[in-house]
Amino acid sequence: MQLTILGGGGFRVPLVYGALLGDRAEGRVTDVVLHDLDAARLGAITRVLAEQATGIPDAPTVTATTDLDEALRGADFVFSAIRVGGLEGRAADERVALAEGVLGQETVGAGGIAYGLRTVPVAVDIARRVARLAPDAWVINFTNPAGLVTEAMSRHLGDRVFGICDSPVGLGRRVAQVLGGNPEEAFIDYVGLNHLGWLRGLHIGGHDELPRLLADPALLVSFEQGRLFGADWLQTLGMIPNEYLHYYYFNRETVRAYQQAERTRGAFLHAQQARFYDEMRSHDTPALKTWNETLAEREAAYMAENREAAGVGERAEEDLESGGYEKVALALMRAVARDERATLILNVRNGTTLSALDADAVIEVPCSVDANGAHPMSVSSLPGHATGLVCAVKAVEREVLAAAESGASATAVKAFALHPLVDSVAVARRLVDGYRAVHPGLAYLR
């Protein structure tokens, strides 16, 4: 099978390839095609993958190309992890928003809208090319904002595109471990939108153990999300939020922490990865060792501003392991290619799962996956406050999609102004002007 990775020169690609190296069964990926617009980045990552494969028999072959159509032809699966505008664009998203006193995070609030407006036209072009050149391929989208981009692509690919994210997986794993269960055997009752979801139950051996966690304040603050939100607030909610909801529940504190930080997350990653790729220009650089060291530094700094706002300090060692989006991607490919039924939390079209949203709205929910794709599982309804937030943010996503399709700047202003974390129409107008000034990719807005 051929796996095509879009954004193949991206820093996290070795995570995906590393997961493939451990898959020895029939029907596995045998060919990996990397596509990127930057040939130098492709060369750097190809070197890392070559060192990963050292001594492993029958490791998937790796080829690299800057020609998108060439990369898509023959693909059985397409993994999309592109970053339109690069990390420099992410840093600019943060700066423009923070200058207006609002959040600039890459998937949440003003920053997420700006990133979506840049990315959706590119993602739609990719979806159309996949439909033409590889109509039988399944697309796994990790490009942020993952839910929004997946919905844009689904309008051209239907249910042959899934969005994945490691946040729900990481949350479920940590809660299961705290409760003494095996994360691989627990069922995570989770629902919402990408980066806007809640864990409402965790079933071990058919029994929901979440009430036991919520009743124990000491247990609640023994894992990362518990420390971030605090036991009192989690007990009040009666659910465990995805860590990205910290931007909503503690917005003022987080914006203040971002404003006071020496540099934003985007600026940190931009500088860090520029250093990595610069080091990789030398053929004497040990590729895999350098990549591993850079990855460890990256994970340690994750959501640093939120932890600062919550007063919880550095990440605990047990929290440094990511949710494992590469493992989700591999499990998804196995389930579809081999008809091995699996239960995975994915971004898929709603159907009738959440009654407050229409059938085509992409949501994040546990799915049963087999050779026919992903099937959302029945979930209980969200409480009113969560439903209201989900509906408000989905309405914003729809305005982003409409602006990307029409090029109407008034619609883009509407998207910003309707977001719960943007508090003024005047601010929304200045945000659109500010983002157009720094992003050539938004020149289409008129």
Peer 1: Can you check whether Cys165 reaches Ile345 side chain to side chain, under 4.5 Å on heavy atoms?
Peer 2: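 Not touching, per the 4.5 Å side-chain cut-off.
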Peer 1: Inspect the contact between Arg275 and Glu297 and indicate whether a charged nitrogen and a carboxylate oxygen are less than 4.0 angstrom apart.
Peer 2: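 A salt bridge links Glu297 with Arg275.
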Peer 1: Which residue pairs pass the side-chain hydrogen bond (donor to acceptor under 3.5 Å, both in side chains) test with at least one member in residues 54-68, sequence neighbours excluded?
Peer 2: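 Passing the test, one end in residues 54-68: Asp31-Thr61, Thr65-Glu70.
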Peer 1: From Glu340 CD over to Arg334 CZ, what is the distance, rounded to the nearest 0.5 angstrom?
Peer 2: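 Spacing of CD (Glu340) from CZ (Arg334) equals 7.0 Å.
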Peer 1: Measure across Pro420 and Leu389 and return the closest heavy-atom pair with its distance rounded to 0.1 Å.
Peer 2: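 In terms of heavy atoms, the two residues are closest at CG-CD1, 4.0 Å.
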Peer 1: Can you name the closest pair of heavy atoms from Leu401 and Ala152 and give their distance?
Peer 2: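 Taking every non-hydrogen atom into account, CD2-CB, 3.6 Å.
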Peer 1: Within this structure, what is the CG-CG distance for the pair Leu171 and Leu199, rounded to the nearest 0.5 Å?
Peer 2: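 Leu171 CG to Leu199 CG: 5.0 Å, rounded to 0.5 Å.
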Peer 1: What orientation do Phe250 and Phe229 show, parallel under 30°, tilted 30 to 60°, or perpendicular over 60°?
Peer 2: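 Taking Phe229 first and then Phe250, their aromatic rings sit tilted (interplane angle of 30° to 60°).
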Peer 1: Indicate yes or no: does Arg174 engage Glu224 in a salt bridge with an N to O separation below 4.0 Å.
Peer 2: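 Judged by the 4.0 Å cut-off on N to carboxylate O distance, Arg174 and Glu224 do form a salt bridge.
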Peer 1: Determine whether a donor-acceptor pair (N or O, by modelled atom type, separation under 3.5 Å) exists between the side chain of Gln105 and the backbone of Val108.
Peer 2: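 Side chain of Gln105 to backbone of Val108, a donor-acceptor pair under 3.5 Å: yes, one is there.
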Peer 1: Do Leu21 and Pro60 have side chains that approach each other closer than 4.5 Å (heavy atoms only, starting at C-beta)?
Peer 2: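 Leu21 vs Pro60: side chains touch.
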Peer 1: Rounded to the nearest 0.5 Å, how far apart are SG of Cys367 and CZ of Phe162?
Peer 2: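 The SG atom of Cys367 sits 8.5 Å away from the CZ atom of Phe162.
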Peer 1: Looking at Glu88, I'd like to know if its CD atom is crowded, meaning that more than 12 non-hydrogen atoms belonging to other residues, nucleotides or ligands lie closer than 6.0 Å.
Peer 2: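 Counting neighbours around CD of Glu88, 12 or fewer heavy atoms of other residues, nucleotides or ligands fall under 6.0 Å, so no.
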Peer 1: Kindly say whether Asp339 contributes a backbone atom to a donor-acceptor pair with the side chain of Asp370 at under 3.5 angstrom?
Peer 2: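 Checked: no pair found.
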Peer 1: Ignoring hydrogens and angles, tell me if any N or O in the side chain of Thr353 forms a donor-acceptor pair with the backbone of Asn350 under 3.5 Å.
Peer 2: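 At least one qualifying donor-acceptor pair exists.
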Peer 1: Is Gln2 reaching over with its side chain to a backbone N or O of Val29, donor-acceptor style, under 3.5 angstrom?
Peer 2: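 Checking the backbone N and O of Val29 against the side chain of Gln2, no donor-acceptor pair under 3.5 Å is found.
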Peer 1: How long is the gap from CD on Glu293 to CD on Glu279, to the nearest 0.5 Å?
Peer 2: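 Rounded to the nearest 0.5 Å, the CD-CD separation comes out at 8.5 Å.
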Peer 1: Run the side chain to side chain contact (heavy atoms under 4.5 Å, CB included) test on Gln177 and Phe223 for me, step by step, so that the C-alpha distance in whole Å, both residues' side-chain angles and the decisive distance to 0.1 Å come before the verdict.
Peer 2: CA-CA 9 Å; Gln177 289 172 339; Phe223 65 103; over 6 Å; no
Peer 1: Using side chain to side chain contact (heavy atoms under 4.5 Å, CB included), reason through Leu87 and Arg90 one step at a time and then give a plain yes or no.
Peer 2: CA-CA 5 Å; Leu87 286 169; Arg90 176 176 177 175; 4.1 Å; yes
Peer 1: Do Tyr17 and Val32 have side chains that approach each other closer than 4.5 Å (heavy atoms only, starting at C-beta)?
Peer 2: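 Yes; the side chains approach each other to less than 4.5 Å.
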Peer 1: Using 4.0 Å as the upper bound for N to carboxylate O, is an ion pair formed by Asp23 and Arg28?
Peer 2: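 A salt bridge is absent here (no side-chain N lies under 4.0 Å from a carboxylate O).
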Peer 1: Taking the side chain as C-beta and beyond, is there a heavy-atom pair between Arg129 and Leu68 under 4.5 Å?
Peer 2: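 Arg129 vs Leu68: side chains touch.
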Peer 1: Count the heavy atoms belonging to other residues, nucleotides or ligands that lie under 6.0 Å from CD of Glu51, then report whether that count exceeds 12.
Peer 2: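 Check passes, neighbour count above 12.
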Peer 1: To check you understand the geometry: which heavy-atom pair defines the closest contact between Arg160 and Pro135, and what is its length?
Peer 2: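 Looks like NE-O, 3.7 Å.
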Peer 1: Between Thr264 and Leu98, is any pair of side-chain heavy atoms under 4.5 Å apart?
Peer 2: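 The answer is yes; the side chains approach within 4.5 Å.
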Peer 1: Show your working on side-chain hydrogen bond (donor to acceptor under 3.5 Å, both in side chains) between Thr290 and Thr285 and close with a plain yes or no.
Peer 2: CA-CA 7 Å; Thr290 303; Thr285 299; 5.5 Å; no
Peer 1: Are Leu442 and Val432 side-chain neighbours, meaning at least one heavy-atom pair lies under 4.5 Å?
Peer 2: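 Leu442 does not reach Val432 side chain to side chain.
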Peer 1: Could you verify whether a donor N or O on one side chain and an acceptor N or O on the other, from Thr343 and Ser368, lie under 3.5 Å apart?
Peer 2: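 Checked: Thr343/Ser368 side chains show no N/O donor-acceptor pair below 3.5 Å.
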Peer 1: For the pair Leu202 and Leu179, evaluate side chain to side chain contact (heavy atoms under 4.5 Å, CB included) and give the outcome as yes or no after the intermediate values.
Peer 2: CA-CA 9 Å; Leu202 192 127; Leu179 290 170; 4.2 Å; yes
Peer 1: Is a side-chain donor-acceptor pair under 3.5 Å present for His439 with Asp93?
Peer 2: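 His439 and Asp93 do have a side-chain donor-acceptor pair below 3.5 Å.
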Peer 1: Within the side chain of Arg436, is there an N or O that forms a donor-acceptor pair under 3.5 Å with the backbone of Leu445?
Peer 2: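 Yes: the side chain of Arg436 pairs with the backbone of Leu445.
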Peer 1: May I ask you to decide if Leu346's main-chain N or O and Glu364's side chain share a donor-acceptor pair within less than 3.5 Å?
Peer 2: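 No; judged by distance alone, with no hydrogens or angles, the pair does not exist.
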Peer 1: Centroid-to-centroid, Trp198 to Tyr190, below 6.0 Å?
Peer 2: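 Between Tyr190 and Trp198, which both carry aromatic rings, the centre distance is not below 6.0 Å.
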Peer 1: Tell me, please, which residues at least two apart from Arg41 pass salt bridge (charged side-chain N to carboxylate O under 4.0 Å, His left out).
Peer 2: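 By the salt bridge (charged side-chain N to carboxylate O under 4.0 Å, His left out) rule, Arg41 matches no residue at all.
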Peer 1: Less than 4.5 Å apart, side chain to side chain, heavy atoms only: is that true for Val178 and Ser222?
Peer 2: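 Answer yes - side chains close enough.
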Peer 1: Short question: side chain of Trp291, backbone of Phe11 - any donor-acceptor pair under 3.5 Å?
Peer 2: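 Yes, because the side chain of Trp291 sits within donor-acceptor range (under 3.5 Å) of the backbone of Phe11.
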Peer 1: Indicate whether any N or O donor in one side chain lies under 3.5 Å from an N or O acceptor in the other, for Asn144 and Thr107.
Peer 2: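 Asn144 vs Thr107: no donor-acceptor pair found between side chains.
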Peer 1: Quick one: do Arg83 and Glu106 make a salt bridge, cutoff under 4.0 Å?
Peer 2: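 Yes.
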Peer 1: Do His156 and Val124 come close enough that some side-chain heavy atom pair is under 4.5 Å?
Peer 2: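 Yes. Closest side-chain heavy atoms under 4.5 Å.
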Peer 1: Does the Tyr258 side chain pair with the main chain of Glu253, one donor and one acceptor, at a distance under 3.5 Å?
Peer 2: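 Not a single qualifying donor-acceptor pair exists.
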Peer 1: Going through the checks in order, is the side-chain hydrogen bond (donor to acceptor under 3.5 Å, both in side chains) test met by Thr150 and Asn347?
Peer 2: CA-CA 7 Å; Thr150 301; Asn347 287 268; 5.7 Å; no
Peer 1: Going by the angle between their ring planes, with limits at 30° and 60°, are Tyr247 and Tyr244 parallel, tilted or perpendicular?
Peer 2: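 Ring orientation of Tyr247 relative to Tyr244: tilted.
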Peer 1: Nearest 0.5 Å, please: how far is CG in Leu20 from CG in Leu15?
Peer 2: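 Between Leu15 CG and Leu20 CG, I get 11.0 Å after rounding to 0.5 Å.
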Peer 1: Evaluate the criterion side chain to side chain contact (heavy atoms under 4.5 Å, CB included) for residue pair Leu3 and Met333; output intermediate values, then yes/no.
Peer 2: CA-CA 10 Å; Leu3 169 64; Met333 288 189 285; 4.0 Å; yes
Peer 1: Salt bridge check: are Arg128 and Asp125 linked by an N-O gap of less than 4.0 Å?
Peer 2: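 Here Arg128 does not pair with Asp125 in a salt bridge, since their nearest N and O are not under 4.0 Å apart.
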Peer 1: Under a 3.5 Å distance rule, please check whether Arg349 uses its side chain to pair with a backbone N or O of Val362 as donor and acceptor.
Peer 2: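 No; zero donor-acceptor contacts below 3.5 Å.
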Peer 1: Grab the two heavy atoms, one from Ser154 and one from Val161, that are nearest each other, plus how far apart they are.
Peer 2: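 Ser154 and Val161 have their closest heavy atoms at CA-CG1, 3.6 Å.
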Peer 1: Minimum heavy-atom separation for Ala404 and Val120, please, with both atom names.
Peer 2: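 Closest approach of Ala404 to Val120, heavy atoms only: CB-CG1, 3.6 Å.
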Peer 1: How close do Tyr444 and Ala403 get, heavy atom to heavy atom, and via which atoms?
Peer 2: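 Taking Tyr444 first and Ala403 second, the nearest heavy atoms are CE1-O, 3.7 Å.
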Peer 1: Looking at CD of Glu151 and NZ of Lys394, how far apart are the two atoms once the value is rounded to the nearest 0.5 Å?
Peer 2: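 The CD atom of Glu151 sits 4.0 Å away from the NZ atom of Lys394.
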Peer 1: When you measure from the side chain of Thr4 to the backbone of Ala71, do you find a donor-acceptor pair of N or O atoms at a distance under 3.5 Å?
Peer 2: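 At least one qualifying donor-acceptor pair exists.
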